[in-house]
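Let me begin by presenting the structure, written as structure tokens, before commenting on it.
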Amino acid sequence: ITPDISSPLSNWVNRISKVVPWKKYSQANEESYIDFILKNLPEKGKHIVEIGAWDGYHLSNTRHFIENGYTALLIDGDNRGNEEVKQHIVTKNNILDILDSYATPREFDFLCIDIDGNDLYVIDTILSKYNPSLIVAEYNPIWNQTESKVIAYDENHTWNNDDYYGFSFLAGQKMAEKNGYACVFENDSLNMYFVRKDMLDVIPFVTYVQ
């Protein structure tokens, strides 16, 4: 599956897919796309929030940026012994209190989320109060491009190494639109990249073709 930005763009968005991929910690070169996008957005204090950070290093989309001057709030239900990662089981009902407790600014540069379950519900709740410039979120490619699907909300959900997790691409687009964001990119049927519409000169509509 490859991205097709259907309308001509005069700004930087149409160059994301041309970025030369590289990685230091990430799974599938996410750092290279994130780096390019952040360099084309207004800086908002160089702060990151990552939910589902694991130990802060393994397959991290954020560690490279932390090593290069960004501050970060890293959260996971199990920090594997790294106290830099705050231990919380995140739900849509507690995420705002968690972010408030760490004095998270209303506007910050980058939200990354990968919790293999209730991701869409948590993002939607975060955006009721916070306004990250960029959101990178894992989606579930098991559903096709015409299906708007999300798993049933369950605070006790745990991923069982199966395909029951998260949300479809179309569901992600709808959530973004509702909250004033646009999907500007997708990589490797893994992640969607959302940017605040007020930071875009042209609003892209990203579709996918086989």
Side-chain angles (χ1 to χ4, degrees), residues 1-7 9 13-14 16-17 19 26-31 33-34 36-38 40-41 48-53 59 61-62 75 90-92 95-96 99 108-155 157 159 162-200 202-210:
I1 297 176
T2 56
D4 170 36
I5 299 177
S6 56
S7 59
L9 297 180
V13 173
N14 60 0
I16 302 173
S17 62
V19 168
S26 61
Q27 179 178 358
N29 307 305
E30 287 88 350
E31 293 148 308
Y33 309 122
I34 294 165
F36 179 83
I37 294 170
L38 288 177
N40 282 281
L41 295 175
I48 294 168
V49 173
E50 182 174 19
I51 303 170
L59 301 181
N61 291 338
T62 62
I75 301 170
V90 170
T91 72
K92 69 176 183 179
I95 184 55
L96 294 182
L99 295 181
F108 58 94
D109 295 271
F110 172 31
L111 168 66
C112 183
I113 180 166
D114 180 358
I115 54 176
D116 296 320
N118 298 311
D119 306 56
L120 197 72
Y121 302 100
V122 173
I123 298 169
D124 197 42
T125 300
I126 291 172
L127 296 182
S128 71
K129 184 171 184 178
Y130 292 92
N131 297 290
S133 301
L134 167 66
I135 304 167
V136 177
E138 182 184 47
Y139 76 98
N140 190 336
I142 191 69
W143 292 298
N144 68 45
Q145 61 182 338
T146 64
E147 294 180 290
S148 181
K149 300 287 187 179
V150 59
I151 68 167
Y153 184 73
D154 178 2
E155 290 196 352
H157 174 84
W159 185 51
D162 55 19
D163 59 15
Y164 186 71
Y165 65 92
F167 58 92
S168 69
F169 182 82
L170 184 56
Q173 282 187 316
K174 289 182 176 181
M175 181 279 300
E177 180 68 25
K178 168 190 162 187
N179 289 288
Y181 285 73
C183 178
V184 298
F185 189 61
E186 175 271 358
N187 78 281
D188 299 272
S189 297
L190 285 172
N191 298 288
M192 297 180 75
Y193 296 69
F194 306 107
V195 171
R196 282 170 46 181
K197 286 185 177 182
D198 64 331
M199 295 183 172
L200 295 170
V202 180
I203 306 303
F205 181 76
V206 181
T207 58
Y208 289 84
V209 293
Q210 296 292 336

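As the structure is a prediction and not an experimental result, all values here were calculated from the model.
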Quiz item: Hey, does the side chain of Asp119 reach the backbone of Ile115 with a donor-acceptor pair shorter than 3.5 angstrom?
Solution: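 Yes: the side chain of Asp119 pairs with the backbone of Ile115.
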Looking at [atom1] of [X] and [atom2] of [Y], how far apart are the two atoms once the value is rounded to the nearest 0.5 Å?
| X | Y | atom1 | atom2 | result |
| --- | --- | --- | --- | --- |
| Lys149 | Ile142 | NZ | CD1 | 12.5 Å |
| Ile48 | Leu134 | CD1 | CG | 9.5 Å |
| Asn40 | Ser133 | CG | OG | 12.5 Å |
| Ser168 | Gln145 | OG | CD | 11.0 Å |
| Thr125 | Leu120 | OG1 | CG | 9.5 Å |
| Thr62 | Leu111 | OG1 | CG | 11.0 Å |

Do [X] and [Y] make a side-chain contact, defined as non-hydrogen atoms from C-beta onward lying under 4.5 Å apart?
| X | Y | result |
| --- | --- | --- |
| Lys92 | Asn118 | no |
| Glu30 | Leu190 | yes |
| Val184 | Leu200 | yes |
| Met175 | Leu127 | yes |
| Ile37 | Ile16 | yes |

Please report the closest heavy-atom contact between [X] and [Y], naming both atoms and the distance.
| X | Y | answer |
| --- | --- | --- |
| Asn61 | Glu31 | O-CG, 4.3 Å |
| Asp116 | Tyr165 | O-CB, 3.6 Å |
| Ile151 | Trp143 | CG2-CH2, 4.2 Å |
| Leu170 | Glu147 | CB-O, 3.5 Å |
| Ile34 | Phe110 | CD1-CZ, 3.5 Å |
| Pro141 | Ser189 | CG-O, 3.5 Å |

Quiz item: Is there a donor in the side chain of Asp124 and an acceptor in the side chain of Asn179, or the other way round, less than 3.5 Å apart?
Solution: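 Their side chains do contain a donor-acceptor pair, which is all the 3.5 Å distance test asks for.
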Quiz item: Given the rule in the side chain to side chain contact (heavy atoms under 4.5 Å, CB included) test, do Leu96 and Tyr130 qualify, once you have shown the distances and angles that lead to the verdict?
Solution: CA-CA 9 Å; Leu96 294 182; Tyr130 292 92; 4.0 Å; yes
Practice problem: Determine the interplanar angle of the Phe185 and Tyr33 rings, folded into 0 to 90°, and report it as parallel if under 30°, tilted if 30 to 60°, perpendicular if over 60°. | Solution: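 Correct class here is tilted.
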Exercise. Evaluate the ring planes of Tyr153 and Tyr121, with Trp represented by its six-membered ring, and classify them as parallel (under 30°), tilted (30 to 60°) or perpendicular (over 60°).
Key: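 Tyr153 vs Tyr121 ring planes: perpendicular.
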Practice problem: Please determine which of Ile51, Ile113, Ile95 meets the side-chain contact (heavy atoms from CB on, under 4.5 Å) test together with Ile123. | Solution: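 So the option named by the test is Ile113.
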Practice problem: List the steps, then state whether side chain to side chain contact (heavy atoms under 4.5 Å, CB included) holds for Met192 with Phe167. | Solution: CA-CA 11 Å; Met192 297 180 75; Phe167 58 92; 3.9 Å; yes
